[in-house]
Peer 1: 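The following block contains the structure, expressed as structure tokens.
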Protein chains: 2
Amino acid sequence: MTLFARHRALLERAVEASKTRSFWTPFPEVPSGKFYGETAREDGKNAYDSLLGYDFDLPGHPQEVRLGAEQSPWGGALGVSYPAASVETLIAASESAAQSWAEVGVEARIGALIEALVRLNGMSFLIGNATMHTTGQAFAMAFQAGGPHAQDRGLEALAAAYAEMTGTAQQAVWEKPQGKHAPIVLEKRWEIVPRGVALVIGCNTFPTWNSYPGLFASLATGNTVIVKPHPMAILPLALTVRVLREVFAEAGLPQDAVLLAADVPEAPITKALVQAPEVALIDYTGSSVFGNWIRANAHGAQVFTEETGVNSVTITGTDNFKGMCANLAFSLSLYSGQMCTSPQNIYVPKAGIETDEGHKSFDAVIEGIAEAVDALLSDEKQAAGVCGAIVNPATLERVSRARESGRVVRDSGETGIGRSATPLIVVTDPEGVAHREECFGPVAFAIPCTDAEAAIVAASDIARDKGAITAALYATDQTLIERAARAFARAGVNLSVNLTGNIFVNQSAAFSDFHVTGANPAGNASLTDTAFVASRFRRVMIRWPKTA
Amino acid sequence: MTLFARHRALLERAVEASKTRSFWTPFPEVPSGKFYGETAREDGKNAYDSLLGYDFDLPGHPQEVRLGAEQSPWGGALGVSYPAASVETLIAASESAAQSWAEVGVEARIGALIEALVRLNGMSFLIGNATMHTTGQAFAMAFQAGGPHAQDRGLEALAAAYAEMTGTAQQAVWEKPQGKHAPIVLEKRWEIVPRGVALVIGCNTFPTWNSYPGLFASLATGNTVIVKPHPMAILPLALTVRVLREVFAEAGLPQDAVLLAADVPEAPITKALVQAPEVALIDYTGSSVFGNWIRANAHGAQVFTEETGVNSVTITGTDNFKGMCANLAFSLSLYSGQMCTSPQNIYVPKAGIETDEGHKSFDAVIEGIAEAVDALLSDEKQAAGVCGAIVNPATLERVSRARESGRVVRDSGETGIGRSATPLIVVTDPEGVAHREECFGPVAFAIPCTDAEAAIVAASDIARDKGAITAALYATDQTLIERAARAFARAGVNLSVNLTGNIFVNQSAAFSDFHVTGANPAGNASLTDTAFVASRFRRVMIRWPKTA
């Protein structure tokens with residue numbers, strides 16, 4: 001039985017889910033022995049520990065030196081070294097695998113790639129530990145975001161690529177009538193042709209979640225891929241590359257269809273990879289500054305990005321004040337605001353709002369959120385479990401500077417575990433500048449607005465101008481909600497309305513939520529719409545007269 | 001009954017055809033009273049004549065001046081003047097129509113656009129005359145390419161856009177299980193959001209055929225469009241814009257969703273339009289030199305192109321020598337090589353080939369083609385009917401220079417009607433340079449190759465390096481054909497094998513042949529694959545908790 005046949009039903013279910021957009025996942029998000037086996041937690045931790053301080057093995061991978069400088073935001077160096085090679089060597093190895101990877105065909109590639117995802121799912125506790133200690137995420141989140149949720153996004157990309165590659169006939173008979181004469185009859189056949197070498201540039205905070213869509217989409221469509229992890233978050237992607245290469249080798253496919261481009265902060269190689277003329281596709285997650293550099297310097301490559309943005313919460317009223325505050329407290333605290341989906345600016349009418357607890361002044365609204373954050377983080381262990389650790393020391397400096405931008409309602413503190421910072425909440429002058437740019441990390445700016453309409457205008461304007469991946473709205477007036485929906489739609493940002501309970505604006509579910517719209521500066525790629533996969537390959541035809 | 005309801009069955013048939021890729025067209029290509037009405041031919045000619053020398057009326061269109069300088073390659077000035085306005089005025093008018101055009105929704109737009117295509121089909125004789133006298137095509141070709149074939153491509157783009165916009169759920173209920181607790185239930189709704197102002201830059205040779213895909217795809221996906229015709233081929237697109245605006249007005253849609261940007265060669269406005277920051281989509285047909293300028297100067301717009309290329313014929317053997325020569329003679333003569341699909345380089349083994357007429361030397365093969373061209377063009381009227389006229393005087397200079405690049409086997413002559421040039425056939429040194437670039441017009445370079453394999457390598461290499469939209473192969477050895485298929489697929493060019501009779505490598509049929517692959521330098525857009533439509537719009541979601 002081929003790998004494609006083995007996984008066909010799963011693939012078809014994934015294609016269906018991506019069309020209906022209702023809830024579906026094949027990869028359990030709960031880190032429980034019930035799903036992953038009784039000893040999975042311990043086995044995963046042991047497997048992680050056994051990697052620390054050793055050479056990471058990637059059989060057959062190009063290697064000129066070994067390097068690696070990862071440090072856990074929870075403390076300590078990982079001490080793992082990876083095989084590394086020059087850009088020229090990596091490109092040459094990738095190109096040498098290109099023809100056979102392209103010509104094995106859609107089903108062989110898709111089958112192997114789903115097999116790799118299923119194996120990665122079985123390793124989710126190991127991946128969770130590797131993600132935790134490279135990103136600073138708390139374990140529960142690292143397990144979910146680094147493991148099953150990333151695998152969901154990978155499968156979603158495979159489903160989109162498969163649907164697109166097989167959506168039109170791969171062969172046809174074309175019979176053109178000629179009046180009283182015999183028709184002209186041609187046979188036609190189409191091949192899927194890849195673009196070339198694809199480059200996937202990972203980020204420090206979500207090494208697998210943000211890389212899997214581009215990685216799996218490019219591989220599925222026949223491109224060979226060079227995975228360039230962030231130098232401080234190599235391990236989760238090195239594990240991924242190893243699984244892919246193992247599956248490829250077992251299936252008789254070219255291992256070098258996927259390569260790891262490890263580097264260290266002192267000697268980065270990303271720019272050289274971007275500038276290689278062989279690179280035809282680039283997937284990038286990171287700042288708009290470097291995104292602009294890529295667009296200006298890539299050699300004609302198609303570039304897919306997720307970039308800088310300013311996410312907002314607009315509060316115009318609620319019939320569940322406590323639920324709203326608790327929900328926002330979690331959204332602000334989760335991974336200390338280091339998610340691309342974390343809210344930053346909180347727009348509230350200066351005259352306050354109406355709630356189920358009566359009128360609340362502007363200050364009372366912000367105070368309610370601050371108190372909910374305090375309550376959420378009152379226990380040290382729970383605080384660390386929600387906030388995780390700060391992945392980049394520069395974020396701590398950013399928090400310090402943000403304190404100067406207004407009146408501090410809730411100061412940022414430490415959880416007590418790892419390099420940490422809890423949410424800072426600052427009331428800022430609407431005319432100020434601090435809140436007009438992304439301030440990555442646990443910083444919330446509360447901004448008094450003339451009224452509800454002005455709050456919606458301010459929130460949607462900044463999304464349109466500076467980019468945004470999420471927007472949240474609390475409102476009780478349905479016509480105001482519909483007006484807001486149009487404003488945020490025009491600003492190209494997805495809107496979550498009146499979330500309370502165990503669902504948060506930060507969350508983006510594969511197969512249902514398109515992640516990033518592509519319609520504002522926060523990124524041009526939407527996970528996973530057809531545009532994300534359709535231009536990764538081309539179709540080439542051969543036609544000839546049909547013989548009787 | 002809405003326009004969408006009226007045309008729904010046609011739309012669904014078009015969507016089906018674009019998936020099966022078998023023969024289909026709703027717009028008859030034969031310029032006959034049987035399909036278009038007994039008086040259609042005469043009516044169309046009279047309608048055309050009545051436009052000559054007058055102001056072209058576009059009710060409600062922005063107008064600051066009137067201009068127009070079209071000259072028929074068949075002789076005489078058209079004397080038609082068009083309303084024209086500054087780039088600022090056009091952009092402002094386009095933007096003022098944007099919101100209502102976006103918000104009327106998919107069905108209202110698609111219904112109106114199909115209605116416009118159906119009306120344009122009814123005007124095919126007028127469009128045919130307008131196309132003939134702006135492009136230099138002979139009438140029969142101008143009717144087909146300017147009329148029904150262009151309409152086919154427009155409908156194909158609408159079908160692709162409709163399928164893509166409706167391919168995923170527009171609303172969903174997302175229910176996430178929570179173990180023993182009640183599930184989380186969200187309602188979600190997605191809006192189609194356009195990119196902005198779209199610019200369609202037409203060419204002189206195929207003003208409607210090459211513009212309709214981008215024009216109809218951008219309008220269907222909610223963008224407003226500014227149509228920038230070539231200054232010497234305005235009339236066919238002015239007629240198109242008028243019909244669209246008429247339908248929009250009747251349907252209560254904003255007329256300025258489509259605008260005409262007329263200019264004259266002395267004061268071109270294309271660059272200013274490309275550089276306008278509001279322009280988010282550009283469709284362009286023309287030289288790679290200007291294509292590169294667009295890519296370097298557009299303000300972040302998504303650019304779809306058809307550009308320069310070198311099409312080839314590779315002859316390694318045939319079992320129908322006369323049929324091959326006659327077929328190639330027509331391909332070389334049709335519209336005097338001014339098609340983006342016209343063959344230019346003819347690669348033949350220097351030792352000759354085996355045929356149904358026995359061995360033919362290299363010279364005998366080229367001589368056979370030259371004689372077939374002579375036979376095809378022996379009658380002046382038929383010669384003009386096949387070759388048409390030369391649209392740009394610079395082409396005549398190019399033909400003169402090409403004479404110097406080798407041994408002339410067949411010289412270019414005149415048909416006797418209009419500004420004309422019949423095919424020049426020159427045997428060139430394979431080491432020469434003339435055949436290594438596009439030589440637009442009626443020029444064929446015959447190139448002796450070491451053997452059949454070398455001929456395939458040369459033809460596929462130039463397609464990969466310089467771009468190509470078509471490649472033709474004549475061969476009798478099936479394993480050689482399969483090897484060639486792989487080589488041309490890797491070069492990203494569609495291959496036609498052993499065409500004889502009434503089907504030619506130049507021809508590209510909507511709903512079956514993807515025109516341009518996007519996989520070599522001859523263009524990045526393929527008509528009409530999903531990539532051509534999917535990135536013209538984005539999806540934006542609103543989600544909220546479902547209330548019981």
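All values below were derived from every heavy atom in this structure, side-chain atoms included, with hydrogens, water molecules and symmetry-related copies excluded.
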Peer 1: Between A/F532, A/F514, A/W24, A/F537, who has the most heavy-atom pairs with chain B when the cutoff is under 4.5 Å?
Peer 2: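 So the answer, after comparing A/F532, A/F514, A/W24, A/F537, is A/F514.
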
Peer 1: Just give me the residue among A/S496, A/S22, A/A534 that pairs up with chain B most often, heavy atom to heavy atom, under 4.5 Å.
Peer 2: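 Between A/S496, A/S22, A/A534, the count favours A/S496.
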
Peer 1: Check each atom of B/V193 against the heavy atoms of chain A and say whether the ones under 4.5 Å are side chain, backbone, both or neither.
Peer 2: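 For B/V193, side-chain heavy atoms alone lie under 4.5 Å from chain A.
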
Peer 1: Please classify the contact between A/R536 and chain B as side chain, backbone, both or neither, with a heavy-atom cut-off of under 4.5 Å.
Peer 2: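 A/R536 has no heavy atom closer than 4.5 Å to chain B.
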
Peer 1: With a 4.5 angstrom heavy-atom cut-off, is it the side chain or the backbone of A/Q99 that approaches chain B, or both, or neither?
Peer 2: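 For A/Q99, the contact with chain B is made by the side chain alone.
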
Peer 1: Considering only heavy atoms from C-beta outward, does the side chain of B/L499 approach that of A/P545 to under 4.5 Å?
Peer 2: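 The answer is yes; the side chains approach within 4.5 Å.
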
Peer 1: Find the one option among A/L495, A/T168, A/N498 whose heavy-atom pairs under 4.5 Å with chain B are most numerous.
Peer 2: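 Among A/L495, A/T168, A/N498, the one with the most close pairs to chain B is A/L495.
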
Peer 1: From B/I503 CD1 over to A/W174 CH2, what is the distance, rounded to the nearest 0.5 angstrom?
Peer 2: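 Reported to 0.5 Å precision, the distance equals 4.0 Å.
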
Peer 1: Name the one of B/K176, B/K188, B/R539 that satisfies salt bridge (Lys or Arg N to Asp or Glu O under 4.0 Å) with A/D513?
Peer 2: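 Exactly one pass, corresponding to B/K188.
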
Peer 1: Sort A/E16 into side chain, backbone, both or neither according to what part of it lies under 4.5 angstrom from a heavy atom of chain B.
Peer 2: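 Interface part for A/E16: neither.
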
Peer 1: Please classify the contact between B/E103 and chain A as side chain, backbone, both or neither, with a heavy-atom cut-off of under 4.5 Å.
Peer 2: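 Contact with chain A is through the side chain of B/E103 alone.
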
Peer 1: Go through the atoms of A/A509 and report whether side chain, backbone, both or neither lie under 4.5 Å from a heavy atom of chain B.
Peer 2: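 Just the side chain, heavy atoms under 4.5 Å.
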
Peer 1: What part of A/T20 is in contact with chain B, defined as an atom under 4.5 angstrom from a non-hydrogen atom: side chain, backbone, both or neither?
Peer 2: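 Backbone only.
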
Peer 1: Roughly how far, to the nearest 0.5 Å, is CD1 of B/I481 from CH2 of A/W544?
Peer 2: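 So the gap between those two atoms works out to 9.5 Å.
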
Peer 1: Please classify the contact between B/E187 and chain A as side chain, backbone, both or neither, with a heavy-atom cut-off of under 4.5 Å.
Peer 2: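 Looking at B/E187, nothing touches chain A.
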
Peer 1: Under 4.5 Å, counting heavy-atom pairs only, tell me which of A/A519, A/S535, A/G518 racks up the most with chain B.
Peer 2: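 It is A/G518.
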
Peer 1: Examine distances only and state if a side-chain atom of B/R21 and a backbone atom of A/A169 form a donor-acceptor pair shorter than 3.5 Å.
Peer 2: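 Checked: no pair found.
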
Peer 1: Let me know if A/I542 has heavy atoms under 4.5 Å from chain B in its side chain, its backbone, both or neither.
Peer 2: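 Contact with chain B is through both the backbone and side chain of A/I542.
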
Peer 1: Can you tell me how far the CD atom of A/E175 sits from the OG atom of B/S512, to the nearest 0.5 Å?
Peer 2: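 Reported to 0.5 Å precision, the distance equals 12.5 Å.
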
Peer 1: Taking side chain as everything from C-beta outward and backbone as N, CA, C, O, which of these in A/F488 sits under 4.5 Å from a heavy atom of chain B? Side chain, backbone, both or neither.
Peer 2: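 Backbone only.
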
Peer 1: Looking at every non-hydrogen atom in both residues, tell me the closest pair between B/S526 and A/R538 and how far apart they are.
Peer 2: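 So the two residues come closest at CB-NH2, 3.5 Å.
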
Peer 1: Which atoms of A/L186 are under 4.5 Å from chain B, going by heavy atoms: the side chain, the backbone, both sets, or neither?
Peer 2: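 Contact with chain B: side chain only.
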
Peer 1: What part of B/A102 lies closer than 4.5 angstrom to a heavy atom of chain A: side chain, backbone, both or neither?
Peer 2: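 Neither; nothing under 4.5 Å.
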
Peer 1: Heavy-atom distance under 4.5 Å to chain B: side chain of A/R295, backbone, both or neither?
Peer 2: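 Contact with chain B is absent: no heavy atom of A/R295 under 4.5 Å.
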
Peer 1: Heavy-atom distances under 4.5 Å only: say whether A/V533 touches chain B with side chain, backbone, both or neither.
Peer 2: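 Interface part for A/V533: neither.
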
Peer 1: Starting at CE of A/M165, measure out to OG1 of B/T530 and round the result to the nearest 0.5 Å.
Peer 2: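 That separation rounds to 12.0 Å.
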
Peer 1: What part of A/S18 is in contact with chain B, defined as an atom under 4.5 angstrom from a non-hydrogen atom: side chain, backbone, both or neither?
Peer 2: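 Backbone only.
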
Peer 1: Mind checking the OG1-CH2 spacing from A/T517 to B/W190? Nearest 0.5 Å is all I need.
Peer 2: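 Here the interatomic distance stands at 14.0 Å.
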
Peer 1: For each of B/K19, B/Q170, B/R543, tally heavy-atom pairs with chain A at distances under 4.5 Å, and name the one with the top tally.
Peer 2: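 Maximum pair count with chain A is reached by B/R543.
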
Peer 1: What part of B/V493 gets within 4.5 angstrom of chain A, counting heavy atoms only: side chain, backbone, both, or neither?
Peer 2: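 Just its backbone gets close to chain A.
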
Peer 1: Quick one: CD on B/E191 to CG on A/N494, what's the gap to the nearest 0.5 Å?
Peer 2: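 The CD atom of B/E191 sits 11.0 Å away from the CG atom of A/N494.
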
Peer 1: If you count heavy-atom pairs under 4.5 Å with chain B, which of A/Q178, A/R189, A/H181 comes out on top?
Peer 2: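 Ranked by contacts with chain B, first place is A/R189.
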
Peer 1: Taking side chain as everything from C-beta outward and backbone as N, CA, C, O, which of these in A/E164 sits under 4.5 Å from a heavy atom of chain B? Side chain, backbone, both or neither.
Peer 2: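 Side chain only.
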
Peer 1: Given heavy-atom pairs under 4.5 angstrom as the criterion, report whether the side chain, backbone, both or neither of A/E29 touches chain B.
Peer 2: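 Just its side chain gets close to chain B.
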
